[in-house]
*Asks:* 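Before I ask anything, here is the structure I am working with.
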2 protein chains.
Amino acid sequence: MYKKCTLLVMAYTKKIDHQELVACACKLVEQEGVEALSMRRLAQILDVQASSLYNHFADKSALLAEVAERGLYRLAEKLEHASALARPNPRHQIEAMGLTYREWALQHSHIYTLLFMGAPPLEGDAPPSAAATFAPMLAATAQLVGEDQAEAATQAVWAFIHGFVTLELTGHMQRCLPAEGFTLGLTCLVQGLGR
Amino acid sequence: MYKKCTLLVMAYTKKIDHQELVACACKLVEQEGVEALSMRRLAQILDVQASSLYNHFADKSALLAEVAERGLYRLAEKLEHASALARPNPRHQIEAMGLTYREWALQHSHIYTLLFMGAPPLEGDAPPSAAATFAPMLAATAQLVGEDQAEAATQAVWAFIHGFVTLELTGHMQRCLPAEGFTLGLTCLVQGLGR
DNA sequence: GTCTATACCTTGATAGAC
DNA sequence: GTCTATCAAGGTATAGAC
């Protein structure tokens, strides 16, 4: 009797923790990609009805934004760490960040795709955690080419790394061992920038 | 009477020309992107029922492959032309191809997205028109760094250009004038490769 | 070769009971 | 906060009449 009563009282009470929800969404995206993340699928994993999810965020895009931000912070941490290890030589820092960036992107391909291969960033023009991601690269390039050209140099280095990674991820660069072109290009680019 | 008879005879006869169909699909993708290309939409534009389209290709992916191949040939033509104009200096050729590539990609953003930002190429590992696209770049890099490193150098240059273009197309590089970082990076990369 | 009609799937999101 | 039930779209593809 008491048990039954307890169960009835327990019905329709909190089952979802927000952090757990986002973590689950991250995991799903990381393993199967953005297109695998549907309300129904996510609800099924959390053992909940799809409509219940809407009590925890406005719509799907809000959830995806949280997933993306989490990923971006992870990447930023890695880059900062790599840069710190290679200090104080800016060339070494840039090359180290490049290798780290590529490694992370290949290991978290679906998250990376969500971050940089999809639609433009949701917010106006200044993502919240984006600044932290590029800060170490900006610092290193500033040391290498001066403050004036730091932004352009960062763009160039980022473009190269991002381009290489995305070509690998989309399967457009399977011939020959890709790492060769990567290190060659990164070295040459840094060399060219540094004079 | 005769008129009516003629109309009846004309009914259920050929309305779709294959070339026209592909051209229409190209136009639609070029203007509104791949996701805008649905069987219903395409049929509506051609003033035909959606099911009729299946008499002209097996499925949607076959149609998309035709659209992509057409675009790739267009790009290949542009690159070949740009390279020819800048001969015989390989550095000038590479830089010219880079500028042309970027220009074409930005002008045909949706086609470019279809070509290089989506799933891996459909065929096993050797696209038909891909070779033609990269031939001039391979020739120029071979002249610059030798046959041995030509492939790696081509990968590096391609990665840079592709990366820059895709970051522009996805809106991840709107701050500051992007062309600055592009020419800077391309010049430095070519410079670094050529010694 | 085109037509009508439809089967069958997916998705995001909402209303109202509890 | 969760539930059931449902809406409103959208997609690819097929069967069979003409």
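Keep in mind that the numbers below use all heavy atoms, side chains included, and drop hydrogens, waters and symmetry copies. Naming convention: chains lettered A, B, ... in sequence-line order (proteins, then strands); numbering from 1 in each chain.
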*Asks:* Without decimals, in angstroms, what is the distance between L63(B) CG and dT12(D) C1'?
*Replies:*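 Whole-Å distance recorded here is 13 Å.
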*Asks:* Should K60(B) and E35(B) count as an ion pair when the cut-off is N to O under 4.0 Å?
*Replies:* no
*Asks:* Applying side-chain hydrogen bond (donor to acceptor under 3.5 Å, both in side chains), can you list everything that pairs with R91(A), at least two apart in sequence or on another chain?
*Replies:*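 In terms of side-chain hydrogen bond (donor to acceptor under 3.5 Å, both in side chains), with neighbours along the sequence ignored, R91(A) is linked to no residue.
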*Asks:* Under 4.0 Å, heavy atoms only, any strand: does S52(B) hit a base, just the sugar-phosphate, or nothing?
*Replies:* base
*Asks:* Between W158(B) and F160(A), is the ring centroid distance below 6.0 Å?
*Replies:* no
*Asks:* Taking NE2 from H56(B) and P from dA13(D), how many angstroms apart are they, rounded to a whole number?
*Replies:* 16 Å
*Asks:* Which is the 5'-most and which the 3'-most nucleotide of DNA chain C that has an atom under 4.0 Å from a heavy atom of chain A?
*Replies:* dT11(C) to dC18(C)
*Asks:* For DNA chain D, which residues of residues 27-37 of chain A approach it to below 4.0 angstrom with any heavy atom?
*Replies:* none
*Asks:* Between the side chains of E66(B) and H18(B), does any donor sit under 3.5 Å from an acceptor?
*Replies:*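 There is such a pair (donor and acceptor under 3.5 Å, judged by atom type) between the side chains of E66(B) and H18(B).
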*Asks:* Mind calculating the distance between CE (M39(A)) and C1' (dG10(D)) to the nearest angstrom?
*Replies:*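 It is 17 Å, rounded to the nearest whole Å.
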*Asks:* Shortest non-hydrogen contact from T100(B) to A82(B)?
*Replies:* OG1-CB, 3.2 Å
*Asks:* Any side-chain donor-acceptor pair under 3.5 Å between W104(A) and Y112(A)?
*Replies:*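 The answer is no; no qualifying pair exists.
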*Asks:* Could you tell me if Q93(A) and S83(A) have a donor-acceptor pair between their side chains, going purely by distance under 3.5 Å?
*Replies:*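 Yes, side-chain donor-acceptor contact under 3.5 Å.
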*Asks:* Does R102(B) come within less than 4.0 Å of E95(B), counting only side-chain N to carboxylate O?
*Replies:* no
*Asks:* Between atom CZ in R41(B) and atom P in dG11(D), what is the gap in whole Å?
*Replies:*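 Spelled out: CZ on R41(B) to P on dG11(D) is 9 Å.
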*Asks:* Under 3.5 Å, is there any donor-acceptor pair linking the side chain of R40(B) to the base of dG11(D)?
*Replies:* yes
